[in-house]
Structures are given as C-alpha cells and as structure tokens.
2 protein chains.
Amino acid sequence: MRESPEGRLVAYQDRTPSQDPAPGGRRDRADVRRNRELLLAAARAVYAEEGADAPLKAVAARAGLGVGTVYRHFATQDALVEAVLVDHLAALDGLATHLRCTHEPHDALAAWLQEFVRRLTEYRGLAGVVLPQMKDPHSPVGQACQRLREVAGEMLVDAQRDGSVRSDVDVLLMLTLANAVALVVEQRPHQAGSALSFMVSGLRPE
Amino acid sequence: MRESPEGRLVAYQDRTPSQDPAPGGRRDRADVRRNRELLLAAARAVYAEEGADAPLKAVAARAGLGVGTVYRHFATQDALVEAVLVDHLAALDGLATHLRCTHEPHDALAAWLQEFVRRLTEYRGLAGVVLPQMKDPHSPVGQACQRLREVAGEMLVDAQRDGSVRSDVDVLLMLTLANAVALVVEQRPHQAGSALSFMVSGLRPE
DNA sequence: ACCTGAACACCGTTCAAGT
DNA sequence: ACCTGAACACCGTTCAAGT
C-alpha cells in the first residue's frame, strides 16, 4: 500500500535541477529530492555524533530545514532510520549472495552475521531502534528487512542441512539473536570479538 | 549506604497504622514506610500491566499518591526499578550459593543464567532498562548488581577452571550477554528455550 | 505543492505551597 | 518532615499559515 497507484514521472524528467522555484512559489521535483538527500545526510551526521535516537529536531536543524519537512519525507522517526539503513541492507543482500557462492554454508553464515552486527553497531542506539521492529512487518525497518530475511533464511537452511547449525532456530530468531549481540557490542566494544564468537558458537548444534 | 545507620523502630512499633497524623501535621515513621510499600506494590502492579517503562505518573496514581512522593522515596525512575528488583537480586544470590554446592560448575552456571533471564523477563521492558545500567556502577541497578557480580563471577571462574566455559568471557560480559538474551526472549517468548540453549552453547569453549 | 514553526501531547523531574 | 501537584524541560508529531 506504500507505492502510489501511478508511477509515471515523464512530465518532469528533463527539468534542470538548479532551476529556481516558479513565481507562484511552485517547487520542482529536484528541490524536493534535494531536501530528501539533505535530510538523509544530516541524519547520518547527527546519528554518528549523537546516536540513532537523537532528537529529530537536531536532524532538521542540521539539514537547515524545519521539522515539518522531515515528516513530509519520512512518516515517522523510524522511517528516517529505515531510510538511512537501506544502503546497509542492500549491501548485506549482496554480501549474502556472494558468500553463498564462495564459502561453505557455516562459514558463509558466520561471516555474514558478523557483518550484520557490524552494520547494526555503526551508530550508537541503532540496534536498540531495530530490535522491536524486526518482528513487525508493518514497521518501517521490519518491512525493509523482508528481503534480508529471505537471503539470510537461505543461508541458514544451507547450514542447517549440512548439520553445522542447530535446527531449532529460524531466520527471525537468528536475526534477533544477532541484533541482541549488537546491543552487547554497543555496551562492550572492546569485547566485540568474544561476543561474535559467542554468537557463532551458540548457533552450533549441541 | 542504603540502610539507615540506626535501624531501631521500637518507639513506633505498637502504634496503630490507621492513626491520624499528629495535630501539627507531623507524620510518623510508619506512614512514610507505608507509602514506600504502597509505591513498590503499585510499581509491581503497573509494571506487570504496562511494562517496566510505564509512566511514573501511572505508578503514583496507582498508589494514590502524588508524583512528588515517588521522587521523595526514589531519586529517579531507575531507582524505583532497582527497588522492585532487589528481591530478585537477593534470590539470585541465594540461588548461586545453593547451586554451587549441589551441581557441577557448568550445570550450576547454566541453571543460574536461566533463572537470571527468567527474572529479567518478569516485566516487559525490564531487560531494556537494566542493560545500559549493568556496566555503570553509579547507576541504581548497576550498584545493586555488585554483589551479583561477585557470586556470578565465582561460578564463572569455577566453570572456566574446569574447561567447560570459554576463558575470554568475564563476568560483566556474561551478564550482559544474558541480559541481551532476555531481550530476545521478550521479543520471541515462544522460542525462549532455544534462546537459552543458544546462550549456554555460546559460552562453551570452541 | 511544499515548507515552516508554533502548538499540542506526553513524560521525567523539580519546587513552592500546603499540612 | 512529608506530601501535593502545578510548572518546567524535552521531544515526537500535527497542522494552520505562508510561499
């Protein structure tokens, strides 16, 4: 229900991006796109400094825009976080495909989970924002993770089939466990290696 | 530093609780104690219904007292949570002592951690409140966990000495990992068994 | 159309006024 | 002393007014 019923953009395709708003105050599509990019860049900068749970007002101020504009582009705070996350999620998709071709199932899964945790610890507070959304397909991040669940699920099944991962864990539990390990890494960064090792061992059959 | 230097209550022991405050408006010690108990009971009830991150105002209303009274008894919201937790922490202390006498090191640790997770999932949101405080000895919960860290540390060392638990994990990491597993259980209660099993496997040496 | 920011709702915490 | 609740600070979200 999120995509508009009509996707054609033909009428605006060849407008110059730097063009000033029309006299009537009309803005062209390029301005809107640019604001979106400004907000995403601002969010990344603010998240890096203050954590992913930084006040939304800080993001708006950093972008030089009003709070209302943030809400015009991103329905909620979670939606903004999701938009910042999409690059990470796409990269994890690609990584999964690659690892499946080049590694044994268990090694592929272990390497992928490590990267998953690394990306969830990119910003302080990020893992905490993601955790409750993971299981909810209606939440922005949960929605964005659908594809991730498929590819991660394939890797998981591979590893379970050859007996290197316990069979009572499903994709969602695995991702939730990894998400929780990211929370631990956030608390104890100097023990990140041990926490990751703990996670991989924990998935081994008993 | 939490117990009063003088614990005798003799002078007030036989006062009837329903007695009115003295004309001058002076309240006796029993009233104050009673308010504290009212607040703790209210907190337990509200936490059970709304989670440990319920608004403080809800607790005050449930107790039939003003918000200011909550702050008179508990310096902050975390302090109230800590006060609700002390029973659990004391029980975990006792359990550790008991398990050390009756079980092999690894079994004792596994059983204790399971109970630790169970108590952190008593109220929704509790594990999330505890996690960031665990490592901070100045926080109310972190302070209250000092003793826990000692006894858990003893169990951990026992298990590490006989080679049944990996040696790169210290008490604080172990408790943080268990805390994180409690967060997972909160998200996926029907997979609590798998999550606990994951935790115990994860602690095994590689 | 899109942007702005004042306004509203909510919640933690404080403190002047009451007893 | 202790209790009360209005007041303040903060933050997410909305919406009437501007362009």
Side-chain angles (χ1 to χ4, degrees), chain A residues 4 6 9 11-12 15 17 19-39 42-43 46-47 50-82 125 128-129 132-133 139-140, chain B residues 4 11-12 15 19-39 42-43 46-47 50-82 125 129 132-133 139-140:
Chain A
S4 65
E6 169 124 14
L9 302 170
Y12 297 92
R15 295 270 218 128
Q19 193 175 347
D20 272 30
R26 179 113 29 74
R27 277 158 217 277
D28 64 21
R29 203 160 294 227
D31 283 325
V32 177
R33 269 190 86 88
R34 191 167 165 277
N35 279 347
R36 206 191 125 91
E37 294 309 321
L38 273 175
L39 286 168
V46 170
Y47 290 177
E50 301 182 38
D53 45 7
L56 202 140
K57 195 172 273 189
V59 174
R62 183 78 160 232
L65 297 167
V67 263
T69 309
V70 182
Y71 282 94
R72 170 159 285 272
H73 287 269
F74 308 98
T76 160
Q77 203 158 223
D78 289 343
L80 178 56
V81 170
E82 183 270 331
V129 172
Q133 295 189 66
S139 70
Chain B
S4 64
Y12 297 91
R15 295 266 219 129
Q19 192 175 346
D20 273 26
R26 178 108 36 70
R27 276 159 216 278
D28 63 21
R29 199 164 300 226
D31 283 324
V32 178
R33 270 189 87 88
R34 191 167 165 278
N35 279 347
R36 206 191 126 91
E37 293 309 321
L38 273 176
L39 286 168
V46 171
Y47 290 175
E50 300 183 38
D53 44 8
L56 203 140
K57 194 172 273 187
V59 174
R62 183 76 159 235
L65 298 167
V67 263
T69 308
V70 183
Y71 282 94
R72 169 160 285 273
H73 286 269
F74 308 99
T76 161
Q77 203 157 223
D78 289 342
L80 177 57
V81 171
E82 182 269 332
V129 172
Q133 296 189 64
S139 69

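Here is the naming used below: chain letters follow the sequence lines, and residue numbers restart at 1 for every chain.
Each of A:Gly64 and A:Lys57 has a nearest nucleotide on DNA chain C; the 5'-most of these lies closest to A:Gly64.
One interatomic measurement links the two molecules: CZ of B:Arg34 to P of D:dC3, which rounds to 11 Å at whole-angstrom precision. Look at CD on A:Glu50: it is 13 Å from P on D:dC10, rounded to the nearest Å. Computed from coordinates, the B:Asp31 CG to D:dC2 C1' distance equals 10 Å when rounded to whole Å. Distance, B:Arg29 CZ to D:dA1 C1': 11 Å, rounded to whole Å. Atom CG of B:Leu56 is separated from atom P of C:dG12 by 6 Å (rounded to the nearest Å). In this structure, CG of A:Leu38 is placed 16 Å from P of C:dC2, rounded to the nearest angstrom. Rounded to whole Å, the distance from CG on A:Leu39 to C1' on C:dT4 is 13 Å. Rounded to an integer number of Å, the gap from CZ of B:Arg33 to P of D:dA1 is 19 Å.
Comparing C:dT13, C:dC3, C:dC11 by their nearest atom to the side chain of B:Pro55 picks out C:dC11.
Within the structure, every side-chain polar atom (N or O) of B:Asn35 is placed at least 4.0 Å from both OP1 and OP2 of D:dC2.
Atom CD of residue B:Glu37 and atom NE2 of residue B:His73 lie 10.0 Å apart, to the nearest 0.5 angstrom. Rounding to the nearest 0.5 Å places CZ of A:Phe74 at 11.0 Å from OG1 of A:Thr69. For the atom pair CG of A:Asp31 and CZ of A:Arg36, the computed distance is 15.5 Å after rounding to the nearest 0.5 Å. To the nearest 0.5 angstrom, B:Asn35 atom CG is 4.5 Å from B:Leu65 atom CG. From A:Tyr71, atom OH reaches atom CG of A:Leu39 across 12.0 Å, with rounding to the nearest 0.5 Å.
With a 3.5 Å limit on both pairing distances and Watson-Crick or G-U wobble geometry required, the stems of 3 or more pairs in DNA chain D span C:4-8 with D:12-16, C:12-16 with D:4-8.
Exactly one residue among A:Val129, A:Leu80, A:Asp53 makes a side chain to side chain contact (heavy atoms under 4.5 Å, CB included) with A:Tyr47. That residue is A:Leu80.
With contacts defined as side-chain heavy-atom distances shorter than 4.5 Å, the pair A:Glu82/A:Ser139 does not qualify.
The two residues B:Ala52 and B:Gly125 have their closest heavy-atom pair at CB-C, 4.0 Å.
For B:Arg72, there are no side chain to side chain contact (heavy atoms under 4.5 Å, CB included) partners at least two apart in sequence or on another chain.
Proximity of residues 68-78 of chain B to DNA chain D (heavy atom under 4.0 angstrom from any strand atom) is restricted to B:Gly68, B:Thr69, B:Arg72, B:His73.
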